[in-house]
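Order of listing sets the numbers, starting from 1, for every ligand and every atom in it. What you see is a predicted model, and the numbers here were worked out from it, not measured in a lab. Each residue takes its place number in the sequence, starting with 1.
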Amino acid sequence: MDVIVAGNREELGKAREAAGPGRYALVPTMGALHEGHRSLIRLAREQADQVVVSIFVNPLQFGPHEDFSRYPRTFEADLGVCAEEGVRVVFAPAVADMYLPDRQVAVSAGAMGSVVEGAFRPGHFDGVLTVVLKLFNLVQPDVAVFGQKDAQQLALVRRMVADLNLPIAIVGAPTVREADGLALSSRNRYLSPADRMTALNLSKALRAGAVQREPERIKDAARAVLETAARFDPPLLLDYLALVDPATFTEVTEDHRGEAILAVAAKVGTTRLIDNVVLALG
Ligand code: AMP
């Protein structure tokens, strides 16, 4: 079956009518689709009768000095991926279709949106949650799939669903990696071969941390890898290394039991990368 492309709310309504009844899953993306996105789509197909993929580079979640204008846009290739993966509807609105020029009201991610990744990207998670809520309202899915790769985003979407009583099931999908450990990301295409060698140390640091048991040892083992990579050419420029509770994103204490997320963010050349791994403590 062909993919139906909808560019605005009206076309989306018609697309849903054409696609027919059943359980709907939404996979929100910013396009430049890769194997990670494909895995989300496959998971969505297991959860629902119809899959809607949204492709929207959301200006609200980029800071003034971030890469909104140079973010990769590969729409025709993305449509091919969606067709191959059995997606029924692609929702790809223009910025003007999503945001009124005089818009006022937005979602606040609260304190949880200003720690860890949020501390380095002020307003980022407000922008993410605002667009996710809008996409939920426009598409009206029964279920939505998000990647564990963006662990704080996943946690905040779950928080929003709980706090605002949204009737949508949230499914988290494991991070897809290259054979050498590098987490797939639309931004990886910016990495030169030398950048990529340095970038490998994000996942290497997470693996070094993951074999330890206690919080301080986990962070020390990961930090040792990151400090070595800081002397590479090009250097790994660390933004943060954090060991946090998966639900709240607060730093775990030495006596923490249960799951924790070891998260890292760093710049390599002009590219900023994030990665994380889920650990069981205690
Ligand atoms: P993005 O297009 O980067 O905004 O990502 C769209 C969705 O794909 C988000 O839920 C991401 O967490 C997820 N995603 C991105 N990279 C990966 C990956 N390597 N593995 C699994 N999911 C991913």
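Within 6.0 Å of atom CD in E216, more than 12 heavy atoms from other residues, nucleotides or ligands are found, so the atom counts as buried in its surroundings.
Qualifying side chain to side chain contact (heavy atoms under 4.5 Å, CB included) partners for K134, counting only residues two or more places apart in sequence or in other chains: M98, Y99, T130.
Looking at heavy atoms from C-beta onward, Q61 lies out of side-chain contact with R121 at the 4.5 angstrom threshold.
Remark: R73 qualifies as a cation-pi partner of F68 under the 6.0 Å distance and 45° angle criteria applied to the six-membered ring. Relative to the six-membered ring of Y190, R70 meets both conditions, a distance below 6.0 Å and an angle of at most 45° to the axis.
Listed by chain and number, residues touching ligand 1 at under 4.0 Å (heavy atoms only) are P28, T29, M30, H34, G36, H37, L40, Y71, F146, G147, K149, D150, Q153, P174, T175, V176, L184.
The backbone N or O of E85 lies less than 3.5 Å from a partner atom in the side chain of R45, making a donor-acceptor pair.
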